[in-house]
Amino acid sequence: MPLPVVRTVADLRAQVRAWRASGLSVGFVPTMGALHEGHLSLVRVARGKADRAVASVFVNPTQFGPNEDFDAYPRDEARDAELLEAAGCHLLYAPAVAEMYPQGASTTVTVSGVTDPLEGAARPGHFAGVATVVTKLLNQCGPDVAVFGQKDFQQLAVIRRLVADLDIPAEIVGAPTMRADDGLALSSRNAYLTPEERAQAPALHQVLQALLQSLRDGESVAAVESLALDALARAGFQKIDYVEVRHPATLERLGPGPATGPVRVLAAARLGRTRLIDNVGD
Ligand code: AMP
């Protein structure tokens with residue numbers, strides 16, 4: 001049976017209301033489509049936590065910078081719907097831009113602090129777009145549980161922050177990063193990689209893993225960050241936005257000496273026209 005699709009807030013709410021009236025709980029997985037096994041793993045987590053799973057596919061224009069890939073971003077709703085159905089999803093919410101941002105929409109959700117470094121520094125305005133669309137999606141769907149990937153580790157921290165600050169009654173679950181056999185984190189943007197770049201790309205994860213191991217061996221944060229930067233450049237990455245050791249909850253910078261407590265190591269770098277991000281931790 002094809003997956004039911006709704007395109008309006010009213011239709012989404014009607015379905016969620018009907019489930020609730022039958023005593024069913026609701027899990028929610030927001031995505032931008034071009035789905036892969038990483039997204040589908042989130043659907044499976046949502047299914048394990050709730051009776052019904054809703055996924056959204058919305059390529060959110062407000063989280064793309066003016067020179068980013070909004071127009072080029074891969075879109076294939078029919079394929080996405082098939083994959084979601086096979087993963088046990090019950091409903092696809094695929095609103096048009098005008099449904100999400102009707103004429104006159106003037107409110108932006110900005111989270112301070114945790115949005116400042118890393119992706120926030122490299123992509124000005126990105127997290128305001130993310131925070132606004134996620135707040136809207138959570139208000140539209142009203143799920144018991146919403147599942148996000150650790151692949152976008154800082155985004156997950158931003159969402160935890162806004163849900164706490166705005167008293168949004170949904171449990172936020174972070175799910176592990178799904179990877180190809182060679183370690184490359186699955187991403188819709190991997191489709192941009194040429195075969196040569198695809199062969200180079202797993203170095204990002206390898207460098208992060210090696211960095212983490214050196215930290216565990218007692219090396220200083222400053223030394224391992226600097227070595228990782230060199231290693232990424234040698235592996236063919238051209239524009240390395242950051243490779244940094246940070247606190248997993250606050251995302252505050254650690255070091256320069258050895259790290260004593262829990263850490264998250266995050267990086268963003270470019271291979272050709274593709275910007276890749278990844279992170280590893282304890
Ligand atoms: P996106 O479609 O890229 O906006 O991602 C939608 C959701 O899927 C976000 O919560 C991402 O963190 C998550 N996600 C993306 N890639 C992966 C992956 N490789 N493993 C697990 N979750 C992922």
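Owing to the predicted nature of the structure, the values given are computational and were not obtained by experimental measurement. Note that ligands are numbered from 1 as they come in the structure, with each ligand's atoms numbered from 1 the same way.
Contact annotation for M178 and ligand 1: heavy atoms of both the backbone and the side chain come within less than 4.0 Å of the ligand. Here A175 has no heavy atoms under 4.0 Å from ligand 1, in either its backbone or its side chain. Residue contacts with ligand 1 for S187 are absent, since no atom lies close enough (heavy atoms, distance under 4.0 Å). Here R179 has no heavy atoms under 4.0 Å from ligand 1, in either its backbone or its side chain.
Under a 4.0 Å heavy-atom criterion, R189 is not in contact with ligand 1.
The minimum heavy-atom distance between V224 and S214, with the atom names listed, is CG1-CB, 3.5 Å.
Taking every heavy atom of D152 and a limit of under 4.0 angstrom, the matching atoms of ligand 1 come to 11 (C), 12 (O). Ligand 1 places these atoms under 4.0 Å from at least one heavy atom of P176: 20 (N), 21 (C). For ligand 1, the atoms lying closer than 4.0 Å to a non-hydrogen atom of L42 are 7 (C), 8 (O), 10 (O), 13 (C), 22 (N). Numbered from 1 in the order shown, with element, the atoms of ligand 1 that lie under 4.0 Å from a heavy atom of P30 read 6 (C), 7 (C). Those atoms of ligand 1 with a heavy atom of T177 less than 4.0 angstrom away are 19 (N), 20 (N), 21 (C). Within the listing of ligand 1, atoms 16 (N), 17 (C), 18 (C), 19 (N) sit less than 4.0 angstrom from a heavy atom of L186.
Salt-bridge formation is detected for the pair R161/D165: a Lys NZ or Arg NE/NH1/NH2 atom is positioned less than 4.0 Å from an Asp or Glu carboxylate oxygen. With respect to R253 and E244, a salt bridge is recorded, a charged nitrogen being found less than 4.0 Å from a carboxylate O. Between R20 and D144 there is a salt bridge, with a side-chain nitrogen of the basic residue lying less than 4.0 Å from a carboxylate oxygen of the acidic one. For the pair R273 and E197, the salt-bridge criterion is not met [side-chain N within less than 4.0 Å of a carboxylate O].
Protein heavy atom at the shortest distance from atom 23 (C) of ligand 1 is K151 CB, 4.0 Å. Remark: minimum distance from atom 10 (O) of ligand 1 to any protein heavy atom is reached at G149 N, 2.8 Å.
Residue contacts with ligand 1: F148 is placed with no nitrogen or oxygen under 3.5 Å of a nitrogen or oxygen of the ligand (distance criterion only). The shortest N or O to N or O distance between A185 and ligand 1 is not under 3.5 Å. Polar contact with ligand 1: absent for S41 (N/O pair, distance under 3.5 Å).
Using bins of under 30°, 30° to 60° and over 60° for the plane-to-plane angle, the ring pair Y101/F58 lands in the tilted bin.
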>> Between E119 and Y242, is the side chain to side chain donor-acceptor pair (under 3.5 Å) condition met? List the steps.
In response: CA-CA 9 Å; E119 291 300 286; Y242 55 84; 2.4 Å; yes
